[in-house]
Amino acid sequence: MTDARTLNTSPSITRLSDYEPYPYVIADVDLTFELHPTETRVTQRSQVRRITQGVTSIELNGKDLTRVSITIDGVEVSEDRLVEIDETLLIRQVPESFTLEIVTQLNPKANTALEGLYLSNGMFCTQCEAEGFRRITYYPDRPDVMSIFTTRIIADDQHPVLLSNGNPISDEVYPDGRRCVVWHDPFPKPCYLFALVGGHLAVQQDQFLTMSGRTIDLRIYVEHKDLDRVQYALESLKRAMAWDEQVYGREYDLDIFMIVAVSHFNMGAMENKGLNIFNSSCVLANPEAATDQAFQRIEAIVAHEYFHNWSGNRVTCRDWFQLSLKEGFTVFRDSEFSADINSRAVKRIQDVNFLRSAQFTEDGGPTAHPVQPSEYQEISNFYTLTIYEKGAEVVRMIHTLLGPVQFRQGSDLYFSRHDGQAVTINEFIAAMAEVSGRDFGQFMHWYQQPGTPRLQVDVEHDPQSGRLQILLTQKAPVIAKDNSHAPYVIPISYQVIDRESGQVLVPETLFELTEASASIEHQEVMGSPVVSVLRGLSAPVKLEMERSTHDLAALARFDDDGVNRWDAIQDLYIQAIQLLLADPEAGIQPQLADLVCGLIADPATIADPACLAEMLMLPQDNILWDVLKPADPQAILAARQSLRQHLADSGEAHWEDLYKAMKVDGPYEPEASAIGRRSLAITALGYLAKTRSVDEILSERFDKASNLTERFAAYRIARSDGSAGLSERLSRNFLAEAETDEVLDLWLSTEAMNESTATIDRLHELLSHERFTWTNPNRVRAVLGTFANRNVRAFHTPEGYRLLADAVLKLDAMNPQIASRLVMPLCQWARFTEQYQASMKAELRRMIAKDLSKDLYEIVSKSVD
Ligand code: TRP
Ligand code: ZN
């Protein structure tokens with residue numbers, strides 16, 4: 001047995017209840033980097049002062065470091081005072097106050113894990129969150145140790161751009177030709193926010209005038225070839241800066257704000273103080289090389305990272321159990337920003353869809369955990385949908401309960417009271433409690449209990465008296481252990497409309513459910529009431545409500561809440577698929593096709609193209625698997641396809657008109673209304689392609705469109721429904737014209753997903769494509785992530801599972817974070833029927849018998865016994 005294996009079978013668990021403050025203060029840290037691809041030298045000089053009596057040794061963290069020297073007040077520390085176990089280095093018998101100097105050596109070129117200091121296309125860059133700083137130097141790698149950093153970077157002339165946090169304070173050329181640049185960050189910060197970049201980079205500059213009249217120097221650094229794709233991110237940044245001033249009263253604090261795009265990155269982006277580092281796919285865009293979706297993603301992520309400057313950096317987390325303090329809040333902030341500058345309804349529909357299909361799945365599976373977890377093995381595994389998306393939903397509920405004015409008072413109090421501190425979720429809640437006078441005791445269950453609670457709604461109406469009774473019952477999440485669940489505070493927004501006319505019978509009302517159940521009564525409700533409940537998804541719960549086809553159709557037609565309108569038609573699709581599965585001969589109820597035809601021919605509905613496009617998209621497999629447990633993914637796929645065909649045929653008379661009506665004239669703008677029109681046009685064209693050959697339209701759009709959104713759509717539709725000749729031609733041409741990595745990834749993912757052509761053999765071809773590389777996470781996600789999450793036909797087979805497991809094992813040796821994310825689809829075996837379960841579990845068992853990284857081991861071991 002190897003050492004790593006021994007460690008993994010008895011994993012070390014970090015617990016919230018074990019938290020103890022760090023016994024030292026490190027006021028200042030001076031770092032010197034002598035950059036070299038294989039032998040970078042790092043010298044750390046820290047001013048350390050003891051604050052806890054009785055402690056005589058100091059604990060630092062380090063990982064994969066070559067130790068060159070350690071001195072205290074200039075004197076070498078002898079080996080017998082050092083104890084290094086796993087990632088902890090203990091120095092014994094240290095004085096009360098001292099200067100610690102540590103020299104380490106690193107090999108950035110060999111770093112394929114992309115944590116710590118690594119090379120991406122020849123550019124030096126860092127990723128320190130959550131625990132990457134320990135791969136740079138020995139240091140207390142925990143967020144509650146906050147210091148003022150000064151960083152000196154020395155490099156040869158191949159790396160003329162040398163960046164770190166804060167402000168540049170000196171720049172000189174040494175006699176030997178090397179350059180030395182010094183940066184100073186006046187704001188104390190934890191080491192996870194440290195960043196360094198060194199490379200041959202191009203820059204685009206701009207300025208922002210803050211609310212107090214300061215001019216901020218804005219810069220986006222990219223590889224030279226990418227300089228024509230930075231403008232949109234720069235505009236987005238300025239919009240985000242202005243929004244945070246207006247909505248939260250938050251002003252930027254340094255004189256310079258920088259963004260750097262790198263090709264190799266494990267996540268979307270990172271909020272390092274003053275120096276955000278981005279996955280290039282989340283910052284680079286121009287009309288020829290990015291889709292509408294990419295533009296919107298870029299705007300949201302630029303805003304997200306910028307917003308962290310306050311929610312995360314100025315006020316940071318005490319420990320990693322508080323991760324959602326910064327992530328949940330910041331996702332809420334960025335989603336409100338997107339809602340304000342685009343369409344609020346569409347943004348909310350997309351967020352709700354994502355939450356339900358992905359976060360609810362996580363919350364019902366083997367890796368379910370509370371928004372504030374109480375323990376973890378590997379922190380990188382806790383950057384989850386629960387921390388981010390459910391965390392944002394919890395903050396949204398606070399916003400709903402308090403209203404915008406009190407919420408703003410609460411956030412002001414939180415920011416001012418805790419500026420410069422590392423705090424817990426409790427401090428955030430305490431500020432909200434203080435301004436509102438509310439007791440958040442029961443509300444905290446949202447942070448502490450895992451799983452998605454269920455809300456049962458029963459409606460009774462007496463047509464004579466007009467008495468309407470709405471019975472609300474909250475039920476524990478399915479995964480809850482007996483008696484372990486306490487009731488939640490559930491904000492329930494509802495409205496009652498008339499089924500025939502759509503007229504509002506009871507206007508929108510907010511009800512707070514705190515008990516296990518409650519009953520709401522309204523008198524003199526005449527007509528045929530239909531209750532629209534959990535409007536805008538006012539709480540992250542699963543609704544259990546008997547709703548007739550008739551009621552759902554009324555909501556889909558008349559509800560003035562975008563989410564519930566969309567939700568009603570989604571529920572009708574689910575019911576139709578359910579019926580098809582039960583009896584394939586039974587067919588589809590004609591009312592559904594009538595409803596869809598009514599919507600696509602109704603000028604009022606077409607007036608909001610983006611919402612209509614969302615309504616015309618069938619529910620994702622993930623959602624269907626949850627409703628139809630235990631699921632047979634191939635049978636469900638077939639049923640979904642026949643529903644799609646049925647809707648296409650039923651609407652035959654309308655698709656072409658709708659497509660034409662949505663044509664966008666004028667130059668390309670990635671702005672909400674044009675995006676909505678394109679989205680509906682593409683949806684209509686997709687349906688049309690199921691009723692007749694549209695080769696001509698596709699071919700024309702592919703060759704003539706001014707933007708990638710339409711070209712990509714033409715290629716995608718041709719690939720699934722065009723003639724074989726056109727499908728091949730567009731695939732070849734799309735690849736041939738894919739100059740950027742981002743467009744290449746669109747091609748790779750489309751090829752990996754395509755249900756008619758993406759066989760296992762085709763997947764192997766993609767994996768050995770000359771432009772595919774295992775060391776770039778974006779390529780891996782494009783091929784393997786898309787395959788496992790989007791290609792039901794090929795993935796849900798014994799060969800598909802094997803392909804993924806083999807890839808995960810291969811990746812685990814290079815990049816554990818990516819491996820443990822990629823394995824997730826296999827961990828969901830419990831949702832499927834016996835036959836699928838057996839093959840999935842066999843792969844997990846095969847994997848667990850190997851020598852796995854801590855990351856992958858935690859996920860696989862939680863998923864299989
Ligand atoms: N804090 C980053 C965010 O904005 C998340 C992140 C970026 C991250 N890179 C990472 C987390 C690497 C873990 C590992 O959401
Ligand atoms: Zn974040």
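Start at 1 and go down the list; that is how both ligands and their atoms are numbered.
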- Query: How are the rings of Tyr306 and Tyr252 set relative to one another: parallel (under 30°), tilted (30 to 60°) or perpendicular (over 60°)?
  - Reply: tilted
- Task: Considering the heavy atoms of Met267, write down every atom of ligand 1 situated less than 4.0 Å from one of them.
- Result: 5 (C), 6 (C), 7 (C), 8 (C), 9 (N), 10 (C), 11 (C), 12 (C)
- Aromatic plane relationship, His308 with His304 - under 30° parallel, 30 to 60° tilted, over 60° perpendicular: perpendicular
- Query: Can you tell me which residue and heavy atom of the protein come closest to atom 7 (C) of ligand 1, and the distance to 0.1 Å?
  - Reply: Ala269 O, 3.0 Å
- Taking the Zn ion (ligand 2) as the apex, Glu327 OE1 and His308 NE2 span an angle, rounded to 10°, of 100°
- Task: Please state which part of Glu129 comes within less than 4.0 Å of ligand 1, counting heavy atoms only: side chain, backbone, both or neither.
- Result: both
- Message: Against Lys390, only a single residue in Thr452, Asp363, Thr384 fulfils side chain to side chain donor-acceptor pair (under 3.5 Å); can you say which?
- Response: Asp363
- Query: Taking both backbone and side-chain atoms of Glu327, is any N or O found less than 3.5 Å from an N or O belonging to ligand 1?
  - Reply: yes
- Query: Which part of Ser380 is near ligand 1, with near meaning a heavy atom under 4.0 Å away: side chain, backbone, both or neither?
  - Reply: neither
- For ligand 1, which atoms sit closer than 4.0 Å to a heavy atom of Glu305? 3 (C), 4 (O)
- Query: Between the candidates Tyr192, Phe382, Phe278, Tyr388, which shows the shortest non-hydrogen contact distance to atom 5 (C) of ligand 1?
  - Reply: Tyr388
- Message: Is the ring pair Tyr414/Phe428 parallel, tilted or perpendicular, if the boundaries are 30 and 60 degrees?
- Response: perpendicular
- Query: Should the proximity of Glu115 to ligand 1, defined as any heavy atom under 4.0 Å, be assigned to the side chain, the backbone, both, or neither?
  - Reply: neither
- Message: At less than 4.0 angstrom from any non-hydrogen atom of Glu271, what atoms of ligand 1 do you find?
- Response: 1 (N), 2 (C), 3 (C), 4 (O)
- Task: Evaluate the ring planes of Tyr139 and Phe149, with Trp represented by its six-membered ring, and classify them as parallel (under 30°), tilted (30 to 60°) or perpendicular (over 60°).
- Result: tilted
- Geometric cation-pi criterion, Arg239 with Phe337: 6.0 Å, 45°: no
- Among Leu16, Thr14, Asn381, Ile13, whose side-chain contact (heavy atoms from CB on, under 4.5 Å) with Tyr376 holds? Thr14
- Message: Please name the atom of His304, limited to N, O or S, that comes nearest to the Zn ion (ligand 2).
- Response: NE2
- Message: Using a 3.5 Å cut-off on N or O atoms only, is Gln817 in polar contact with ligand 1?
- Response: no
- Item | ligand 1 atoms in contact with Lys326 (distance to a heavy atom under 4.0 Å) | 1 (N)
- Ion pair present between Arg314 and Asp419, side-chain N to carboxylate O less than 4.0 angstrom? yes
- Note on the structure: Note: ligand 1 atoms sitting under 4.0 Å from heavy atoms of Gln127 are 9 (N), 10 (C), 12 (C)
- Message: Let's go through Asp412 and Arg250 carefully: what are the C-alpha distance in whole Å and the side-chain angles of both, what is the deciding distance for salt bridge (charged side-chain N to carboxylate O under 4.0 Å, His left out) to 0.1 Å, and is it a yes or a no?
- Response: CA-CA 9 Å; Asp412 284 352; Arg250 299 290 117 200; 3.6 Å; yes
- Query: Quick check: does Glu271 have an N/O/S atom under 2.8 Å of the Zn ion (ligand 2)?
  - Reply: no
- Query: Under 3.5 Å, is there a donor-acceptor pair between the side chain of Asn279 and the main chain of Asn778?
  - Reply: no
